[in-house]
Amino acid sequence: MSVISVEGIKIYAFHGCMDEEGAVGSHYEVNVKIEADVEKAVETDKLSDTVDYVKVYEIVKEQMAIRSKLIEHVARRILTHIKNDCAHVVSAEVTVYKLDPPIHGIVDRVGITLKA
């Protein structure tokens, strides 16, 4: 098994419990780690024998565009789609960070990591 990482995906989206978050939006970062069997790809040098990074990015982009109140909900959707829609995935881990969250204090980011 190998680990494929797609990290530092920057997205502007409209998640949050407050109405203002849905109207104004904020910056997010998404990191994805995928455990996959890539032994065949090592030999064949064919994209069809590994996880397509572009597909992973597109899943993140599509799911981040669907408004949710909780980043936990968004992370679960991303994880589910990666596992269902990408070939060769054995397991995956998705982390969604909300950057500069609307908290009365100085906080760089809040995040959730889900694994399946």
Participant: In terms of hydrophobic clustering (I, L, V, M, F, W, Y; side-chain heavy atoms under 4.5 Å; direct or indirect links), are I34 and V38 co-clustered?
Facilitator: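 Same cluster.
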Participant: Looking at every non-hydrogen atom in both residues, tell me the closest pair between L79 and A116 and how far apart they are.
Facilitator: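 Answer, listing the atom of L79 first, then A116: CD2-CB, 3.6 Å.
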Participant: Looking at G8, is its backbone amide N or carbonyl O close enough to the side chain of N31 to form a donor-acceptor pair, meaning the two atoms are under 3.5 Å apart?
Facilitator: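 Side chain of N31 to backbone of G8, a donor-acceptor pair under 3.5 Å: yes, one is there.
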Participant: In Å and rounded to the nearest 0.5 Å, what is the CG to CD distance from D85 to E58?
Facilitator: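 Going from the CG atom of D85 to the CD atom of E58 covers 12.0 Å.
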Participant: Does any N or O in the side chain of Q63 come within less than 3.5 Å of the main-chain N or O of I59, such that one atom is a donor and the other an acceptor?
Facilitator: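 Answer holds: no.
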Participant: Can you tell me how far apart CZ (R76) and CG (L70) are? Round to the nearest 0.5 Å.
Facilitator: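 The CG atom of L70 is 13.5 Å from CZ of R76, to the nearest 0.5 Å.
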Participant: Do you know which two heavy atoms are closest between D52 and V54, and how far apart they sit?
Facilitator: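 Distance-wise, the nearest heavy atoms are OD1-N, 2.9 Å.
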Participant: Tell me whether R67 contacts the main-chain N or O of A13 through its side chain, where contact means a donor paired with an acceptor under 3.5 Å.
Facilitator: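 Not at all, since once roles are kept as given, no pair shorter than 3.5 Å links the two residues.
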Participant: What do the steps show when you test H15 against M64 for side-chain contact (heavy atoms from CB on, under 4.5 Å), and what is the final call?
Facilitator: CA-CA 8 Å; H15 308 299; M64 288 296 290; 3.8 Å; yes
Participant: Is any side-chain heavy atom of D100 closer than 4.5 Å to one of H27?
Facilitator: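 SC-SC contact between H27 and D100 ruled out.
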Participant: Does S2 have any side chain to side chain donor-acceptor pair (under 3.5 Å) partners at least two apart in sequence or in another chain, and if so, which?
Facilitator: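 Partners of S2 under the side chain to side chain donor-acceptor pair (under 3.5 Å) test: none.
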Participant: Stepwise, does the side chain to side chain donor-acceptor pair (under 3.5 Å) test hold for R77 with H81?
Facilitator: CA-CA 6 Å; R77 286 198 320 264; H81 279 276; over 6 Å; no
Participant: Is the count of non-hydrogen atoms from other residues, nucleotides or ligands lying under 6.0 Å from E72 atom CD greater than 12?
Facilitator: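 Atom CD in E72 is crowded, with more than 12 foreign heavy atoms closer than 6.0 Å.
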Participant: Have a look at I78 and tell me which of V60, V56, T95, I9 forms a side-chain contact (heavy atoms from CB on, under 4.5 Å) with it.
Facilitator: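 Considering V60, V56, T95, I9, a side-chain contact (heavy atoms from CB on, under 4.5 Å) with I78 is found only for V60.
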Participant: Would a single hydrophobic cluster contain both I4 and Y57, if residues Ile, Leu, Val, Met, Phe, Trp and Tyr are joined by side-chain heavy-atom contacts under 4.5 Å?
Facilitator: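 Yes, Y57 connects to I4 through the hydrophobic network.
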Participant: Stepwise, does the side-chain contact (heavy atoms from CB on, under 4.5 Å) test hold for V51 with V6?
Facilitator: CA-CA 11 Å; V51 176; V6 183; over 6 Å; no
Participant: Check whether more than 12 heavy atoms from other residues, nucleotides or ligands sit under 6.0 Å from atom CD of E7, and answer yes or no.
Facilitator: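 More than 12 heavy atoms, drawn from other residues, nucleotides or ligands, come within 6.0 Å of this atom.
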Participant: More than 12 foreign heavy atoms under 6.0 Å from CZ of F14: is that the case here?
Facilitator: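 Buried by this count: over 12 neighbours within 6.0 Å.
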Participant: Quick one: do E93 and L114 satisfy side-chain contact (heavy atoms from CB on, under 4.5 Å)? Show the steps, please.
Facilitator: CA-CA 6 Å; E93 174 180 304; L114 297 179; over 6 Å; no
Participant: Which pair of heavy atoms, one from A92 and one from V89, lies closest together, and at what distance?
Facilitator: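 A92 and V89 have their closest heavy atoms at CB-CG1, 4.4 Å.
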Participant: Is it the case that over 12 heavy atoms from other parts of the model lie below 6.0 angstrom from the CG atom of N84?
Facilitator: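 Result for CG/N84: enclosed.
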Participant: Check the pair R109 / L99 against side-chain contact (heavy atoms from CB on, under 4.5 Å), numbers first and verdict last.
Facilitator: CA-CA 4 Å; R109 61 188 181 179; L99 308 178; 3.8 Å; yes
Participant: Would you name the heavy atoms of G111 and I71 that are closest together and state the gap between them?
Facilitator: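 So the minimum-distance heavy-atom pair works out to CA-CD1, 3.9 Å.
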Participant: Between NZ of K98 and CD of E29, what distance do you get to the nearest 0.5 Å?
Facilitator: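 The NZ atom of K98 sits 15.0 Å away from the CD atom of E29.
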Participant: Say whether Y97 and V94 are linked into one hydrophobic cluster, either directly or through other cluster members, by side-chain heavy-atom distances under 4.5 angstrom.
Facilitator: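 Different clusters.
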Participant: K55 and C86: which non-hydrogen atoms are nearest, and at how many Å?
Facilitator: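 Minimum heavy-atom separation between K55 and C86: CG-SG, 3.7 Å.
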Participant: How close do P102 and E21 get, heavy atom to heavy atom, and via which atoms?
Facilitator: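 The answer is CG-OE2, 3.3 Å.
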